[in-house]
Structure formats: structure tokens, C-alpha cells
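These notes are about the structure you will find just below.
Numbers here simply count residues along the sequence, with the first being 1. In each ligand, atom 1 is the first atom listed, and ligand 1 is the first ligand listed. Only this structure's heavy atoms are used, side chains among them; waters, hydrogens and symmetry mates stay out.
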Amino acid sequence: MSSSQASVFGLKDPSLVKFQGFIDGKWVDAESGDKIVVTNPATNEELGTVPEMGLAETKAAIDAASKAFAGWSKTTAKHRHDLLLNFFRLMTEHQDDLTRLITLENGKPLVEAKGENTYSASFMEVRISSKFDYFLSLIQFSGSVCKLIHTGFFKLTECHVAEEAVRTYGEHIPSAIPGSRNIVIKQPIGVVSILTPWNFPSAMITRKLAAALAAGCTAVIKPPPETPFSALALAELSRRAGFPDGVINIVTTLKNVVEVGKEMCENKVVKKVSFTGSTPVAKLLYGMAASTLKKVSLEAGGNAPFIVFDDANIDEAIDAAIICKFRGSGQTCVCANRIYVQANVYAEFASRLADRVSKFKIGNGLEEGVTHGPLIHRRAVEKVERHVNDAVEKGAQVLVGGKSLPNSSFFEPTVLSDVPAEALINTEETFGPLAALTKFETEEEVIRLANNTDVGLAGYFFSRDVGRVWRVAEKLEVGMVGANTGFLSQAVIPFGGVKESGLGREGGPHGIDEYMNTKLIVFGGLGSV
Ligand SMILES: O=CCCC(=O)O
């Protein structure tokens, strides 16, 4: 592709738009010459193409990562930390362009895409003001959410993923054997395969990559075919930041995804697989990685309950439901999927939520005033449609929205009330802008409903009763609980789920550990010293 083709993206720095994969520090096409067409989900217009890579390119990328590991794993933690900070600064410097790329290929409005870039960069380094920027973007997005900001939040963000590079401490364990010492050290695990989804084209890469790089690992990344341009721009910035050839490699694929994924999970050289996506795919990859007993981090599907008790602050609960349900047009793995509201406050909550949702403006995320973009493709729209129709057939009422826009990837932000327990939405993650409200009577009943699912990523609830807050937080079968908040995501938290939502934790000190081996060294022969 020529620079004039890159100019359709309208970036200040068009050289961030890459139409090739990235292997061993070089921009490369597929051996076959085949291409994947990438479209803008808001307009269905073609944005450009990337190579349809296969087994040969995947092996080459793994080989490059393996050669690079020899040198990269021996660099000092301080050196890796400094390069990660360079990466962070470049992501911040090119914020406008990276934001625009996310909107163009994913569809989310610019204000949200900017929030994603800030979030994404924060995996490299968290600045206090950068998290503040993220919340500002949410304020614009949701109206009156500013009440969610409190000073304690900023203190929590003073720990950085890049900073964790210099904190991979070992241990000394007093020995049970006379004349010996037990020392435990941490070593980078090796080549890492990273497979990411389209809902966060940038942040789901850096959440894994920053920790891998900080630990001293090298990586082969397979971005999703819907949103490869953000990934390729990150590769370009990693080159500018000074990461050596082969440390970061990107293989783009669509049709060959099965053979590429299999190689990424089964190749003996790869020592760790990190995946974010659906539970069925997580299970497949887990099975493949088992053939060589690789370490895995799997962040899979959620079906988050969002519970409003009648002692809650209803204003705050509504603000939180808006963020929690409609962020990314509902295409976020931690989005509320089932909203349970206690009988006494049900009518008020339902009508006020519907009123707020009726004021959303859907459209092309590049346009001023648009609050919500399209879904990623028509298949995603069809799933939301199926869930709405099923719930309505089973007795639910449409309070607002309920329809798709013809021949497009847009679905009206929707609120359904009186959704029965047997509706599909209660057992499957919708991944769309559909708030499904169900009335409940007692705490015991709602805990049973909330936990009645095979997955357990995030769960949220609102209550001002301190005893209940502790009780419910402990009883929810999820990896992450929002108690009086609908927003959890930060670079420093242990992000991950229980049950069929996955394995492992990403982010902060827990995240870097996933990319390291623990080694014991027993020093003997020390006599009586
Ligand atoms: O969709 C998965 C990740 C969402 C987040 O990090 O907030």
C-alpha cells in the first residue's frame, strides 16, 4: 500500500499506518500474497488490507522471538523499564492518531477511543493525570458520572506495570538443612504467544505485552482481523522506542486462524499463551497448549450481574449502570449483562435508566456529539436482536430501543424490563447495548440468580449497608467485584475471572508473575556459617 492509501486514515503521522505484518523487525507480506480486507464498522467502507499470514509466517515469527529472547532476557530490568517508558511516551505523543485508528477500525466514539489509548499506555506506565483523563472521557460519555471520582483512586494508580520490571524480587527461605541456604529467583518464561480481541484493539495487547516485556520475554502477537491497524501502529512505536528486532512480532490472519493459533499454542519454543476472547475459543487454545504443558492466561467470557439493592444511592447506581452496560456499546467483557433491581426501587430505576438511554446519540464515532458507535459487525447485531426477540417473546417489555438499523452494524441502545429468568440473555453474554432488567425481592434470591452461570468474570452491586456490602462481595462467584461502582478497569489490578471465565490474572504485580518462572537454588556446603 502506498502512502496515499495511508492518507485515507487522516493521521498526523501517516507512517503509523502499516499494511504489513511485523516479523524480526521487518515489515512483511504473506508468502502467498493473500490479503485481509479491513472495514470501518460505522460506514462499511474499506480501510485497507493486511496480509493473510499462515503457518510459515507464524513459525518465522516464533523463530525470531526465540532468537531475540537470548539477548532480551539478559538485559537489566532497568533497561527494559526505560524502553517501556519510551513506549509509553510515544503512545502519549501520538495519542490523537492512535485514538483515531481505534475509532476507525472498532467504531467506538473518539472520546472512548482516547480513553482506551490512555488505558492502553498505562500498562506501560501510569501517570496520575492519565487516569484522570480516562475518567474525564467517561464523564463526557455518561453525563454525570463525576461523582465516581474520589481521591483514593489516584493513590491506587501509583504502581506501574513497567515499574514492576524492577520489582521482580526473589526470596531467601531459611533452610531446614544445616549448612545450606534456599534462594528463590524469578526468570522470564520465554517466548510468549499473545492472542487478542477486537473490542479493545490496543489495550488488550498492552495489558499482556507490557508485562511480558517487563519480565524479559519476547512475543508473537496475533491481533484480531477486524482491528489489526492499532496493533501494527504499536509495533511501529515499539521499533521507535528502541525494542530490538524480534522482541515483538505481529502475525495477521483471518482464514488461516486455526493453523496459526495451533502453532502459537503447540510450538515447543513457545512457553506461555495469553488470550482474551470467548470461552469456547479459550477452551480450544487451552487444549492445544496442554500438549506441551504451557503456562496459560485465559481471559474469557463474562455474564456480569449488576445488582441494585433498595438501600442503594440510586443516582450513583444509574450512572454506574450506564458506564458498566454501555461502554463500547456493551462490547466489553466486564459489561453488566444482567441487571437485578430490588422491588421497592425497580420502577424508579427502570424509568430513569430508560430516560438516560433514550438521550444517547448513535453514529459514526468520528462525529462530534456521538455517544455510541456501531457494533463490530452484522453478526454481533444479529445476536443482540436474537436476545431482544427471545426476551420479548418470553414476556419482557421494551422500554427504549429494541431494533437494529437496516443494512448496518448499528443497534439501538435498549432497555428491557421484566426479563424472565429463562430468557437467553440470562445464560449467554449478549455483548451489545442491551440492558436487561429483572426484579428481585431478597438478598438470598439475587445471590442465587447472580451466581447461576458457568462464568464469573466481574460482578457489581449497589448498597449502603456495610454488612451487606461485605457479604455480597464475598458471595459473588466472580474474579472482580465492583461494590458501589460500575467501573473496575485499571492497569494495576489483578484482572481475571473464576469458573469458565478463565485462568490467571493480568495487570500490576500479579500480571508480571504470569510471565516468569520461579526457580529455587539451594546453596550447600556452607558449613556452620
Ligand atoms: O473486554 C475486556 C477488557 C475490558 C477492560 O479491561 O476494561
Side-chain angles (χ1 to χ4, degrees), residues 102 105-108 111-124 126 130-131 133-135 137-138 141-142 145 148 153 156-157 161 194-211 223-224 226-227 230-231 274-279 281-282 297-304 306 320-337 373 375-376 380 429-433 455-460 478-482 485-498 500-508 510-511 514:
I102 292 172
E105 60 183 3
N106 166 283
K108 65 180 76 171
V111 67
E112 262 198 86
K114 183 175 172 196
E116 177 178 345
N117 186 59
T118 305
Y119 181 38
S120 180
S122 77
F123 287 101
M124 307 289 176
V126 178
S130 73
K131 294 310 285 185
D133 286 347
Y134 192 35
F135 270 89
S137 71
L138 290 168
F141 161 56
S142 68
V145 75
L148 287 176
F153 176 78
L156 282 176
T157 65
V161 175
I194 292 178
L195 300 100
T196 58
W198 45 259
N199 62 342
F200 285 82
S202 175
M204 291 307 99
I205 293 178
T206 55
R207 168 182 276 159
K208 300 166 189 307
L209 184 63
E226 294 88 348
T227 62
S230 296
S274 182
F275 166 78
T276 296
S278 71
T279 295
V281 176
S297 295
L298 303 170
E299 198 261 277
N303 180 1
F306 183 103
I322 299 275
I323 289 182
C324 191
K325 176 62 255 184
F326 292 98
R327 189 158 72 107
S329 290
Q331 301 172 110
T332 300
C333 54
V334 287
C335 268
N337 200 50
L375 301 193
I376 193 68
E429 188 180 21
T430 305
F431 231 58
V455 289
L457 188 57
Y460 309 84
V478 294
M480 297 173 287
V481 173
T485 177
F487 186 75
L488 308 161
S489 306
Q490 310 144 55
V492 295
I493 59 166
F495 194 103
V498 298
E500 294 188 18
S501 281
L503 287 173
R505 292 294 178 267
E506 301 192 293
H510 304 83
E514 303 266 347

* Asked: With a 4.0 Å heavy-atom cut-off (strictly under), which part of T276 contacts ligand 1: side chain, backbone, both or neither?
  ->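 No part of T276 is near ligand 1 at this cut-off.
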* Asked: What part of R327, side chain from CB on, backbone N/CA/C/O, both or neither, has a heavy atom under 4.0 Å from ligand 1?
  ->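 Side chain only.
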* Test item: side-chain donor near acceptor, E514 and S297, under 3.5 Å ->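 Side-chain D/A pair, E514 to S297: present.
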* Q331 side chain to I376 main-chain N or O, any donor-acceptor pair under 3.5 Å? ->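 Looks like yes, one N/O pair under 3.5 Å.
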* Asked: Would you say R505's side chain and G497's backbone share a donor-acceptor pair under 3.5 angstrom?
  ->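 Pair found, side chain donor or acceptor close to backbone of G497.
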* Before signing off on this row, confirm whether T332 and ligand 1 have an N or O atom pair separated by under 3.5 Å. =>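 Not met; the criterion fails.
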* Before signing off on this row, confirm whether R207 and ligand 1 have an N or O atom pair separated by under 3.5 Å. =>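 There is such a contact, yes.
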* Are side-chain heavy atoms of F431 and L375 found at a separation under 4.5 Å? ->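 When only atoms from C-beta onward are counted, L375 and F431 do not touch, as no gap falls below 4.5 Å.
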* Asked: Which residue from G507, C333, G328 reaches closest to atom 1 (O) of ligand 1 through any of its heavy atoms?
  ->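 The option holding the nearest heavy atom is C333.
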* Salt-bridged, E112 to R327, with N to O below 4.0 Å? ->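 No, this pair does not count.
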